[in-house]
Amino acid sequence: MKGLELSKKYYDTYGIRMITTQFPELVTQTAAGLVGYGSECFGFDDEISTDHDYGPSFCIWLPQEVYIKYERGMQAAYDALPKEFMGCAARVEEERGKGRVGVLCLEDFYREILGRDSVPEAPEEWFAVSEAALATATNGAVFTDPCGKFTGIREALLAYYPREVWLKKLAESLARAAQAGQYNYARAMKRGERIAAELALTEFVKEAMQIVYLLNRKYAPFYKWMHRGIKELAVGGEIGDMLALLYQVPDPAAAWEGIAPTDYLYHLNTEDGRVLVIEAVCNVLVQILNEKGLSGRQDNFLQNHVEEILRKLTK
């Protein structure tokens, strides 16, 4: 059973009763759900994930003034709940996984993840928060929040970046993807610098996925979940499968043997299958940029679309 589903069933069976019978005065102040660190909060957990931080559990978020007064008693009540549930063993926590479920201070929860307990306002405040942190703070599910304070912050974050921040981040990722995949990969291969070429390839893959998330107006999660999550995006999801092909191409070293320093300056080495995949990915990205009215250019060199994006800042 997925961790998020298990959490909801556990809360419905034991959590509601615990809160309403033992802390009736806090019913209107208590938010509950499962949000934060861990694959189960993204819905990406599988059998491998069950070796740690998996089991019957949920989060309770209390405003700071309430948390200070009631945390100890409510945590004791939470700890007294059955440890096994629906055939699932008790949650096994790693040391660094402690404090992710149970009774939490609402403000501290956001501060730990975002570095602040409020929604960023100015562009520089948005840029100061990593995208993976924003994804972590807005994943999972909220089961109840009668007060609305927890979901108020959550929904404001889910409204996504202000337009200025969004366009600048998109332009930056387009530039980095072009630099890594369409420029430096080939140059490194020509020099026989295989490690540099692999790093350029990895940087291209990461930035290409980042662009897809941005085009979907979704926060990209921690790097190990970016490719898993891209398959669920409405726009450009096929790019995930295309990028996977880069790691199935036979060793391309032979395609670069005997290459002179001035070879392939103005055209592509189509003998390298990775080059073909990179260009195909860029073609799809440019098509999406055109469809969304973000660029009017047709060529697929992503760097050439950066200025098109930045011009939107003045419109």
Side-chain angles (χ1 to χ4, degrees), residues 29 31-39 41-44 59-68 96 99-101 104-143 145-177 206-226 229-230 232-236 289 292 294 306 309-315:
Q29 297 291 312
L34 186 66
V35 179
Y37 300 105
S39 57
C41 296
F42 285 102
F44 298 157
C59 303
I60 293 175
W61 298 284
L62 299 175
Q64 185 170 342
E65 64 277 9
V66 180
Y67 176 85
I68 291 172
R96 61 185 176 182
R100 295 181 179 180
V101 295
L104 308 171
C105 174
L106 186 156
E107 290 85 353
D108 286 348
F109 173 84
Y110 282 114
R111 267 194 294 266
E112 179 183 344
I113 297 174
L114 303 175
R116 56 187 298 131
D117 60 11
S118 60
V119 180
E121 296 181 6
E124 58 269 22
E125 293 178 340
W126 281 100
F127 280 115
V129 182
S130 75
E131 191 156 346
L134 290 164
T136 299
T138 56
N139 63 17
V142 178
F143 307 149
D145 183 14
C147 177
K149 188 172 182 179
F150 184 87
T151 50
I153 297 173
R154 177 183 175 86
E155 289 171 2
L157 294 172
L158 285 170
Y160 206 61
Y161 294 120
R163 179 176 171 80
E164 175 186 350
V165 175
W166 175 58
L167 290 174
K168 286 183 177 179
K169 288 181 75 70
L170 181 57
E172 289 172 359
S173 279
L174 287 167
R176 285 194 290 263
K206 181 174 74 70
E207 293 301 334
M209 290 192 292
Q210 179 72 57
I211 293 166
V212 176
Y213 278 94
L214 286 162
L215 291 171
N216 281 271
R217 300 182 68 83
K218 298 286 186 181
Y219 299 123
F222 181 56
Y223 73 87
K224 78 172 183 176
W225 298 121
M226 285 181 74
I230 204 173
E232 300 176 2
L233 300 180
V235 177
L289 291 174
K292 288 185 170 293
L294 291 166
V306 172
I309 300 296
L310 294 178
R311 285 195 195 101
K312 302 291 182 183
L313 291 170
T314 60
K315 296 182 180 179

Engineer: Please give me the minimum heavy-atom distance between Pro123 and Glu164, naming the atom from each residue.
Structural biologist: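 Looking at all heavy atoms of both residues, the closest pair is CG-OE1, 3.6 Å.
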Engineer: I'd like to know whether Leu289 forms a side chain to side chain contact (heavy atoms under 4.5 Å, CB included) with Leu215, so could you lay out the CA-CA distance, the side-chain angles of the two residues, the decisive distance to 0.1 Å, and finally the verdict.
Structural biologist: CA-CA 8 Å; Leu289 291 174; Leu215 291 171; 3.9 Å; yes
Engineer: For Lys218, does the NZ atom have more than 12 heavy-atom neighbours from other residues, nucleotides or ligands under 6.0 Å away?
Structural biologist: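 Not more than 12 within 6.0 Å, no.
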Engineer: Within the structure provided, determine whether Pro120 and Val129 are in side-chain contact (heavy-atom separation under 4.5 Å).
Structural biologist: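 Contact flag for Pro120/Val129 side chains = yes.
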Engineer: Between Tyr219 (side chain) and Leu157 (backbone), is there a donor-acceptor pair under 3.5 Å?
Structural biologist: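 Here the side-chain-to-backbone pair exists.
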Engineer: Are the side chain of Gln210 and the backbone of Ser173 linked by a donor-acceptor contact shorter than 3.5 Å?
Structural biologist: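 No; zero donor-acceptor contacts below 3.5 Å.
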Engineer: Is there a side-chain contact between Ile68 and Leu62, using heavy atoms and a 4.5 Å cut-off?
Structural biologist: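 No, every pair of side-chain atoms sits at 4.5 Å or beyond.
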Engineer: Applying side chain to side chain contact (heavy atoms under 4.5 Å, CB included), run through Ile153 and Leu106 and close with a yes or a no.
Structural biologist: CA-CA 10 Å; Ile153 297 173; Leu106 186 156; 4.2 Å; yes
Engineer: Would you check if Thr136 and Leu114 make a side-chain contact, meaning some heavy-atom pair closer than 4.5 Å?
Structural biologist: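 Of all side-chain heavy-atom pairs linking Leu114 with Thr136, none is under 4.5 Å.
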Engineer: What are the two closest non-hydrogen atoms of Ile230 and Met209, and how far apart are they?
Structural biologist: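 Of all heavy-atom pairs spanning Ile230 and Met209, the closest is CD1-CG, 3.8 Å.
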Engineer: Please report the shortest heavy-atom distance between Pro221 and Ala135, naming the atom on each side.
Structural biologist: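 Reported closest heavy-atom pair: CA-CB, 3.8 Å.
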Engineer: Report yes if some heavy atom in the side chain of Val212 is under 4.5 Å from a heavy atom in the side chain of Val235; otherwise report no.
Structural biologist: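 No, every pair of side-chain atoms sits at 4.5 Å or beyond.
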Engineer: Aromatic contact between Tyr37 and Phe222, with the criterion being ring centroids under 6.0 Å apart: yes or no?
Structural biologist: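 No: the rings miss the under 6.0 Å criterion.
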Engineer: So which atom in Ala234 and which in Asn216 form the shortest heavy-atom distance, rounded to 0.1 Å?
Structural biologist: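 What the structure gives for the nearest pair is N-OD1, 3.3 Å.
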Engineer: Is a side-chain donor or acceptor of Glu125 paired with a backbone partner of Ala122 at a separation under 3.5 angstrom?
Structural biologist: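 Such a contact is found between Glu125 side chain and Ala122 backbone.
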Engineer: Could you point out which residue of Phe109, Tyr67, Tyr110 forms a ring pair (Phe, Tyr, Trp, His ring centres under 6.0 Å) with Trp61?
Structural biologist: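 Filter result, single survivor: Phe109.
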Engineer: What do the steps show when you test Leu167 against Leu310 for side chain to side chain contact (heavy atoms under 4.5 Å, CB included), and what is the final call?
Structural biologist: CA-CA 7 Å; Leu167 290 174; Leu310 294 178; 5.9 Å; no
Engineer: I need the minimum non-hydrogen distance between Ser39 and Trp225, along with the two atoms involved.
Structural biologist: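 That would be CB-CZ2, 3.3 Å.
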Engineer: Determine whether Glu172 and Val306 make a side-chain contact, defined as any pair of heavy atoms from C-beta on separated by less than 4.5 Å.
Structural biologist: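 No, their side chains stay 4.5 Å or more apart.
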Engineer: Flag the pair Lys149 / Gln29 as yes when at least one side-chain heavy-atom distance between them is below 4.5 Å, and no otherwise.
Structural biologist: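 A side-chain contact is absent here, since even the closest heavy-atom pair is not under 4.5 Å.
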Engineer: Measure from the side-chain N and O atoms of Ser130 to the backbone N and O of Ala133, and report whether any donor-acceptor pair falls under 3.5 Å.
Structural biologist: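 Between the backbone of Ala133 and the side chain of Ser130 there is a qualifying donor-acceptor contact (under 3.5 Å).
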Engineer: In plain terms, say whether Arg100 and Glu112 are close enough for a salt bridge, that is, a side-chain N and a carboxylate O under 4.0 Å apart.
Structural biologist: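 Looking at Arg100 and Glu112, the cut-off is not met.
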Engineer: Side chain to side chain contact (heavy atoms under 4.5 Å, CB included) for Leu104 and Cys59? Distances and angles first, verdict last.
Structural biologist: CA-CA 7 Å; Leu104 308 171; Cys59 303; 4.1 Å; yes
Engineer: Let me know which of Trp126, Tyr213, Phe127 forms a ring pair (Phe, Tyr, Trp, His ring centres under 6.0 Å) with Tyr161.
Structural biologist: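 That would be Trp126; it is the only one of Trp126, Tyr213, Phe127 passing the ring pair (Phe, Tyr, Trp, His ring centres under 6.0 Å) with Tyr161.
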Engineer: Leu34 versus Val142: any side-chain heavy-atom pair under 4.5 Å?
Structural biologist: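 Of all side-chain heavy-atom pairs linking Val142 with Leu34, none is under 4.5 Å.
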Engineer: Quick one: does Lys168's side chain get under 4.5 Å of Leu313's, heavy atoms only?
Structural biologist: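 In short, these two side chains touch, coming nearer than 4.5 Å.
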Engineer: Look only at the side chain of Asp117 and the backbone of Asp108, and say whether a donor-acceptor pair between them is shorter than 3.5 Å.
Structural biologist: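 Not at all, since once roles are kept as given, no pair shorter than 3.5 Å links the two residues.
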Engineer: Which residues pass the salt bridge (Lys or Arg N to Asp or Glu O under 4.0 Å) test with Glu207, sequence neighbours left out?
Structural biologist: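 Counting only residues at least two positions away or on another chain, Glu207 forms a salt bridge (Lys or Arg N to Asp or Glu O under 4.0 Å) with Arg176.
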Engineer: Using modelled atom types and a 3.5 Å cut-off, is there a donor and acceptor pairing between side-chain atoms of Arg111 and backbone atoms of Arg116?
Structural biologist: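 Pair absent, no side-chain N/O of Arg111 close to backbone of Arg116.
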Engineer: Between Asp145 (side chain) and Ala32 (backbone), is there a donor-acceptor pair under 3.5 Å?
Structural biologist: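 Checked: no pair found.
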